[in-house]
Amino acid sequence: MATFQSLPGFREFYPDALARRNHIFRLWRQTASTFGFAEYDAPVLEPLELYKTKSGDEIEAQLFSFTDKGGREVALRPEMTPTVCRMVGAKANALKRPIKWFSVAEYYRYERAQKGRERAFFQFNADIFGEPGPEAEIELIALLTQCMCAFGLTEQDFYVRLSDRNLWFYYLEALGLDEAKTRAMLSAVDKFEKAGEDAFKAYEEQHGPIGAELKAKILAFLQIKTLAALEQTLAPVGGEKLAARLADWRKVLGGLEAMGLARYVEVDLGVVRGLAYYTGFVFEAFDRKGELRAIAGGGRYNDLVAKLGGPELPAVGFAIGDVTLGLLLEARGLMPTLVNASDIYCVIGGEAERRAAFADIHALRAAGYRTDYPIREVAFGKQFKLASESGAKLALIYGADELAKGLVKVRNMSDRAEQDVPAAQVMEFVRDFFGGE
RNA sequence: GCGGUCAUAGCUCAGUUGGUUAGAGCACAAGAUUGUGAUUCUUGGGGUCGCGGGUUCGAAUCCCGUUGACCGCCCCA
């Protein structure tokens with residue numbers, strides 16, 4: 001057994017695991033690019049204060065933080081949001097609006113590792129800055145769903161739960177709750193799905209018993225699954241703010257429906273997301289079977305850029321984690337296996353033939369064909385087995401008989417057909433073969 | 001940070017009330033096979049049984065500690 005093991009929650013990526021990771025990254029990048037998002041990157045190590053300012057002092061317990069040799073308090077980034085807010089804030093006036101940016105990066109959190117949660121993990125992060133209206137939400141939720149569908153996932157596999165902190169604020173205000181009670185109630189709502197009635201305990205300890213009528217209204221609000229039900233519930237409450245907010249809801253859901261994405265999105269006010277900096281719509285993606293942790297989460301955070309020292313700049317963003325998504329893809333059989341296949345495998349008779357083959361091998365590789373051969377002498381019969389295992393579509397056979405006649409034998413690995421090709425025309429033959437695919 | 005379960009080969013696991021040299025399948029490698037593919041047969045490498053201590057004539061097996069994984073709680077940006 002090895003003397004040293006990797007730290008808890010830190011993963012090693014053997015080639016097959018890295019191939020799966022790259023597959024995920026590739027489709028994320030491709031998808032973001034089709035949506036017109038630009039990729040950026042940023043430091044892994046940041047001033048500790050950046051995260052304390054954003055999330056409060058308690059956050060330090062969840063961070064990989066330390067003092068560097070210059071006496072600076074630093075932390076490995078646990079998320080991208082504060083960093084990207086700083087970057088955008090610093091050049092806000094020079095950036096063309098809307099600012100649509102994405103990144104694929106590794107994050108570090110000092111937490112107990114569990115299924116679907118590691119201490120080091122990757123996230124796809126997408127944000128839109130400078131757009132206060134719900135059009136930004138449409139764009140991002142569309143991107144989120146496509147970032148899942150690109151892998152072959154369907155509405156049978158995942159869905160996005162859409163909620164709204166503003167709606168809760170307006171509704172609870174109309175029900176007569178002050179700000180402190182509202183925050184406590186949102187915290188209870190956040191816990192309700194997991195804890196049930198117990199979720200209200202903390203609220204009642206703080207603010208006294210919840211009246212039966214109030215509780216019934218809260219629970220009814222949580223049951224709402226459609227826009228129609230939402231409008232029906234809020235109609236008697238009235239108020240301009242609520243009316244305007246419902247118009248935003250109609251815009252978001254209408255836009256997503258027009259994109260054909262309605263089947264992925266559910267109204268679900270049970271999602272409030274713990275962190276206090278969200279200022280409007282919030283959403284999370286889950287697997288339909290409810291077996292896994294959240295796959296993605298995001299929302300609007302209009303105050304954060306200013307809070308971190310930039311100008312007033314509205315923003316919406318979300319992140320998808322690689323761990324839970326990877327688990328879901330494995331469970332649905334959507335993770336490809338053979339990734340390192342060759343195009344061409346060379347079967348080589350002996351040492352003399354090897355020298356002749358090398359010229360072609362190098363030329364083929366330079367021309368971009370994935371070309372492999374047995375690195376040391378191997379029995380002829382076994383080489384065909386190796387060729388088969390390599391995944392190559394074509395085997396080039398450099399035998400003594402062929403080379404004596406100035407030929408190379410070419411075997412089509414799928415239909416086993418063979419033909420002789422003049423040695424000088426091998427490259428041309430290969431081009432035709434792969435060009436005609 | 002707290003509780004529960006578990007830890008034997010690269011992987012999945014077997015290993016009797018404690019008994020002498022710890023096994024199987026898969027995977028990997030070599031050969032049968034010096035000119036033709038996933039089959040078959042033979043053979044091989046690979047283990048201080050997570051680590052440390054204790055009980056015992058004797059520990060993979062029992063006890064204590066520790067590390068890690070998994071499940072749950074807290075948290076989840």
Side-chain angles (χ1 to χ4, degrees), chain A residues 1-12 14 16 46 50-56 58-63 75-85 107-119 121 123 125 127 187 190-191 194-195 198 202 271-278 282 284 291-299 301 304 317-319 321 323-324 327 338 345 347-353 374 376-404 409-418:
Chain A
M1 209 45 66
T3 310
F4 296 105
Q5 36 188 153
S6 63
L7 263 43
F10 282 75
R11 290 169 291 165
E12 294 174 308
Y14 284 79
D16 56 339
E46 290 276 19
L50 180 64
Y51 304 112
K52 285 189 176 177
T53 300
K54 185 211 162 210
S55 307
E58 319 79 55
I59 194 70
E60 190 171 354
Q62 317 281 342
L63 296 176
L76 289 170
R77 66 182 171 205
E79 57 167 326
M80 193 60 99
T81 306
T83 301
V84 71
C85 283
Y107 301 95
Y108 310 87
R109 296 180 185 175
Y110 199 87
E111 298 178 297
R112 172 77 87 208
Q114 285 179 17
K115 189 178 187 185
R117 183 168 83 177
E118 309 285 347
R119 285 182 164 183
F121 55 92
Q123 282 188 343
N125 212 274
D127 297 272
S187 168
D190 192 31
K191 293 187 171 70
K194 210 172 200 178
D198 287 351
V271 175
V272 287
R273 296 184 62 76
L275 270 286
Y277 67 86
Y278 284 113
V282 289
E284 294 190 331
E291 291 169 346
L292 302 169
R293 308 173 63 84
I295 300 163
Y301 50 99
L304 201 53
F318 73 87
V323 181
T324 309
L327 289 172
L338 186 68
Y345 197 91
V347 173
I348 301 167
E351 204 47 46
E353 294 81 4
R376 52 184 178 128
E377 251 186 277
V378 172
F380 223 85
K382 184 152 280 188
Q383 291 191 52
F384 284 93
K385 193 174 171 181
L386 293 173
S388 176
E389 289 167 353
S390 78
K393 296 176 185 69
L394 223 50
L396 302 185
I397 302 163
Y398 294 85
D401 300 349
E402 288 84 357
L403 288 182
K409 188 171 277 179
V410 178
R411 182 178 176 88
N412 182 329
M413 294 303 286
S414 48
D415 62 15
R416 304 187 176 207
E418 287 184 353

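Just so you know, these numbers come straight off a predicted model, no measurement behind them. A note on names: the letters A, B, ... follow the listed sequences, proteins ahead of strands, and every chain is numbered from 1.
- Checked by distance alone, A:Arg109 brings a side-chain donor or acceptor within 3.5 Å of a matching partner on the base of B:A77.
- The gap from the C1' atom of B:C57 to that of B:G50 amounts to 28 Å, rounded to the nearest Å.
- To the nearest whole angstrom, the two P atoms, one in B:G4 and one in B:G44, are 46 Å apart.
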So what does the secondary structure string of RNA chain B come out as, 5' to 3', with Watson-Crick or wobble pairs under 3.5 angstrom, [ ] for crossing and | for pairs with another strand? (((((((..((((.....[...)))).(((((.......))))).....(((((..]....))))))))))))....

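- Comparing B:U48 with B:U21, their C1' atoms sit 15 Å apart, to the nearest whole Å.
- One P atom belongs to B:U39, the other to B:A30, and the distance between them is 15 Å to the nearest Å.
- A:Leu386 and A:Pro374 make their closest contact through CD1-CB, 4.5 Å (heavy atoms, listed as atom of the first residue, atom of the second, distance).
- Summarising the geometry, the separation between CZ on A:Phe121 and P on B:C76 is reported as 13 Å, rounded to the nearest angstrom.
- One C1' atom belongs to B:A32, the other to B:C13, and the distance between them is 31 Å to the nearest Å.
- A straight line from CZ of A:Arg112 to P of B:G4 spans 13 Å, rounded to a whole angstrom.
- Checking the phosphate oxygens (OP1, OP2) of B:A77, a side-chain nitrogen or oxygen of A:Arg273 falls inside 4.0 Å.
- Contact annotation for A:Leu386: no contact, since no heavy-atom pair falls under 4.0 Å across all strands.
- For A:Arg117 against B:C75, a side-chain-to-base donor-acceptor contact under 3.5 Å is present.
- Residue A:Leu63 contributes atom CG, which lies 15 Å from atom P of B:G1 at whole-angstrom precision.
- The two residues A:Val347 and A:Gln383 have their closest heavy-atom pair at CA-OE1, 3.1 Å.
- Each of A:Lys191 and A:Gly9 was assigned the nucleotide of RNA chain B with the nearest heavy atom; the assignment lying further toward the 5' end belongs to A:Gly9.
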Quick one: what's the B/S/- string for nucleotides 34-43 of chain B, heavy-atom cutoff under 4.0 Å, read 5' to 3'? -BBBS-----

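- The gap from the P atom of B:C70 to that of B:C28 amounts to 27 Å, rounded to the nearest Å.
- Take the nearest nucleotide of RNA chain B for A:Leu7 and for A:Lys382: the residue whose nucleotide is more 5' is A:Lys382.
- Counting to the nearest Å, the P atom of B:C70 and the CZ atom of A:Arg119 are 11 Å from each other.
- Closest to the side chain of A:Lys194, from the set B:C76, B:A77, B:A69, is B:C76.
- Only the P atoms considered, B:U66 is 28 Å distant from B:U16, to the nearest whole Å.
- Taking the charged nitrogens against the carboxylate oxygens, A:Lys409 and A:Glu402 do have a contact shorter than 4.0 Å, which makes a salt bridge.
- In this structure, A:Asp198 places its CG atom 12 Å from P of B:C73, rounding to the nearest Å.
- For the C1' atoms, the distance linking B:C51 with B:A60 amounts to 14 Å, nearest Å.
- Residues passing the side-chain contact (heavy atoms from CB on, under 4.5 Å) test with A:Asp198, sequence neighbours excluded: A:Ala195, A:Lys201.
- The ring-ring contact (aromatic ring centres under 6.0 Å, His included) check on A:Tyr108 picks up nothing, with sequence neighbours excluded.
- Residues passing the side-chain contact (heavy atoms from CB on, under 4.5 Å) test with A:Lys191, sequence neighbours excluded: A:Ser187, A:Ala199.
- One interatomic measurement links the two molecules: CD of A:Gln114 to C1' of B:U5, which rounds to 14 Å at whole-angstrom precision.
- In this structure A:Glu111 satisfies the side-chain hydrogen bond (donor to acceptor under 3.5 Å, both in side chains) test with no other residue, sequence neighbours excluded.
- Proximity of A:Arg11 to the phosphate of B:A69: no side-chain N or O atom is located under 4.0 Å from OP1 or OP2.
- The OG1 atom of A:Thr53 sits 12.0 Å away from the CD1 atom of A:Ile59 when rounded to the nearest 0.5 Å.
- Residues A:Glu377 and A:Gly349 come closest through the heavy atom pair OE2-O, 4.2 Å.
- Pairing each heavy atom of A:Glu353 with each of A:Ala400, the nearest pair is OE2-CB, 3.1 Å.
- Residue A:Tyr110 places its OH atom among 12 or fewer non-hydrogen atoms of other residues, nucleotides or ligands, all under 6.0 Å distant.
- We find that CD of A:Glu111 is positioned 15 Å from P of B:C71, with the value rounded to whole Å.
- Nucleic acid contact for A:Pro78: base, since at least one base atom lies under 4.0 Å from a heavy atom of the residue.
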